[in-house]
Amino acid sequence: MEVFITGDTHGNFRRFLPEFFYEQEWLNKEDILLIAGDFGGVWYGDDRDSNGLDFLEQRPFTTAFVSGNHENYDALRAYPPEEWHGGKVRLIRPSVLLLERGQVFELGGKRIFAMGGASGHDIRDGILEPDDPLFLERFQTLNAQGAPFRVNHRSWWKEELPSEAEYREARTNLEKAGWAVDYIIPHCAPTIIQNALLREFSTPDALTDSLEEVCRQCRFKYHFFGHCHSNLVLQQKYVLLYEQILRLK
């Protein structure tokens, strides 16, 4: 089994074309390509998602992703739960899988801890409620201003951050693993790394603090994350990914 990882796709899977990801020539469905959040391939929850998902299903490899802050959580919940390589997933297509939060997977002899989610950074001007009598007026005003805002259950979901039950499950699964994994794969960075990366713009939250606790307590080789749309290595083992595709060894 070969395992690869990349960053945010936001529903654009062009990087997985054979001319860009040429390694797929010798891959099969036993091989895994991981996406570190903001998958975006399940955005509408209807046939409008089909072209992208069908394209991924036609690839010779299996695609697995953690959730990010730009996902339709209402639509993702509609997919059936399954067990896969020791952890819980949602089956989007036979070979397109959502890795549920707080799970530890055994992939190609490597142990991977998955913990999707992140705080939205494009909601400074608020989250609109569709049933607000002034919704249309407020939407048009903010849209005309180019303001960073979102609409509840249309472009923003509170589930972008984990629940207490998901944090508990993460701790339970890490305890079962003896707090030792090869790779940690969330969507965002632990607080200390986010602070170093974003400096005065950093806004730590419960998830970044939880990831920092995990990194302090857990033995691991690398911590991969997306969210910041760049490719960068920090403090030797924290790897920010965007469009680059890496092979895990």
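These numbers come from a predicted model, not from an experiment.
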- If a pair satisfies salt bridge (Lys or Arg N to Asp or Glu O under 4.0 Å) and one of its residues is in residues 212-229, list it, with sequence neighbours excluded. Asp182-Lys221, Glu212-Arg216
- Look at the aromatic rings of Phe220 and Tyr238 and report parallel, tilted or perpendicular, splitting at 30° and 60°. perpendicular
- salt bridge (Lys or Arg N to Asp or Glu O under 4.0 Å): pairs with one or both residues in residues 123-134, sequence neighbours excluded: Asp132-Arg138
- Note on the structure: Shortest non-hydrogen pair, Val66 vs Gly116, comes out as CB-CA, 3.9 Å
- Taking only residues at least two apart or on different chains, which pairs with a member in residues 239-249 satisfy side-chain hydrogen bond (donor to acceptor under 3.5 Å, both in side chains)? Glu2-Arg247
- Can you see which heavy atom on Leu198 is nearest to which on Cys228, and at what distance? CD2-SG, 4.4 Å
- Classify the side-chain pair Asp49/Trp43 by whether it contains a donor and acceptor separated by less than 3.5 Å. no
- What orientation do His223 and Phe225 show, parallel under 30°, tilted 30 to 60°, or perpendicular over 60°? perpendicular
- Query: Within a reach of under 6.0 Å around OH of Tyr222, are more than 12 heavy atoms found that belong to other residues, nucleotides or ligands?
  - Reply: no
- Side chain Arg111, main chain Val104, donor-acceptor under 3.5 Å: no
- Query: Quick one: ring pair (Phe, Tyr, Trp, His ring centres under 6.0 Å) pairs with a partner in residues 85-114, sequence neighbours left out?
  - Reply: Trp84-Phe105
Please set out all donor-acceptor pairs under 3.5 angstrom arising from side-chain atoms of residues 170-180, sequence neighbours excluded.
unit_1	atom_1	unit_2	atom_2	d
Thr172	OG1	Arg168	O	3.0
Asn173	ND2	Gly102	O	2.7
Asn173	ND2	Glu169	O	3.3

- Item | For Thr191, side-chain hydrogen bond (donor to acceptor under 3.5 Å, both in side chains) partners two or more places apart | Thr208, Asp209
- What heavy-atom pair brings Ala75 and Gly45 nearest, and what distance separates the two atoms? CB-CA, 3.7 Å
- Query: Quick one: does NZ or CZ of Arg59 land under 6.0 Å from the six-membered ring centre of Phe55, within 45 degrees of the ring axis?
  - Reply: yes
- Query: More than 12 heavy atoms of other residues, nucleotides or ligands under 6.0 Å from CG of Leu107: is that the case?
  - Reply: yes
- Message: List the residues meeting ring-ring contact (aromatic ring centres under 6.0 Å, His included) with Phe65, not counting sequence neighbours, and say none if there are none.
- Response: Phe39
- Calculate, to the nearest 0.5 Å, the distance between atoms CG and CD belonging to Leu17 and Gln24 respectively. 8.0 Å
- Message: Applying side-chain hydrogen bond (donor to acceptor under 3.5 Å, both in side chains), can you list everything that pairs with His227, at least two apart in sequence or on another chain?
- Response: Asn69, His187
- Item | Exercise: identify the closest heavy-atom pair between Asn195 and Pro204 | OD1-CG, 3.7 Å
- For the pair Ser50 (side chain) and Asp47 (backbone), establish whether a donor and an acceptor sit closer than 3.5 Å, ignoring hydrogens and angles. yes
- Side-chain touch Val239/Leu246, heavy atoms, less than 4.5 angstrom: yes
- Message: For the residue pair Ser95 / Lys29, report whether a side-chain donor-acceptor contact shorter than 3.5 Å exists.
- Response: yes
- Are side-chain N/O atoms of Arg15 and Thr6 paired as donor and acceptor at under 3.5 Å? yes
- Apart from Tyr22 itself, what residues make up its hydrophobic cluster when side-chain heavy atoms of I, L, V, M, F, W and Y under 4.5 Å apart count as a link, directly or indirectly? none
- Item | ring-ring contact (aromatic ring centres under 6.0 Å, His included) involving Phe149 - partner list, sequence neighbours excluded | Phe139
- Task: Output yes when Glu83 and Lys88 qualify as a salt bridge under the 4.0 Å nitrogen-oxygen rule, no when they do not.
- Result: no
- Query: What is the distance from atom OH of Tyr44 to atom CG of Asn72, rounded to the nearest 0.5 Å?
  - Reply: 10.5 Å
- Nearest atoms (heavy-atom pairs only) where Ser67 meets Leu98: N-CD1, 3.9 Å
- Taking Glu166 for its side chain and Ser163 for its backbone only, find out whether a donor-acceptor pair lies under 3.5 Å. yes
- Kindly give the cluster partners of Trp156, where membership spreads through any ILVMFWY side chain lying under 4.5 Å from a current member. Ile123, Ile127
- Main-chain N/O of Trp157 paired with Glu159 side-chain donor or acceptor, under 3.5 Å: no
- So, does Asn12 use its side chain to make a donor-acceptor pair with the main chain of Arg14 at under 3.5 Å? yes
- Message: Tell me every residue that passes salt bridge (charged side-chain N to carboxylate O under 4.0 Å, His left out) with Asp54, counting only those two or more places apart in sequence or in another chain.
- Response: Arg93
- Ile112 versus Ile184: any side-chain heavy-atom pair under 4.5 Å? no
- Item | Shortest non-hydrogen separation from Leu161 to Ala118 and the atoms involved | CD2-C, 3.8 Å
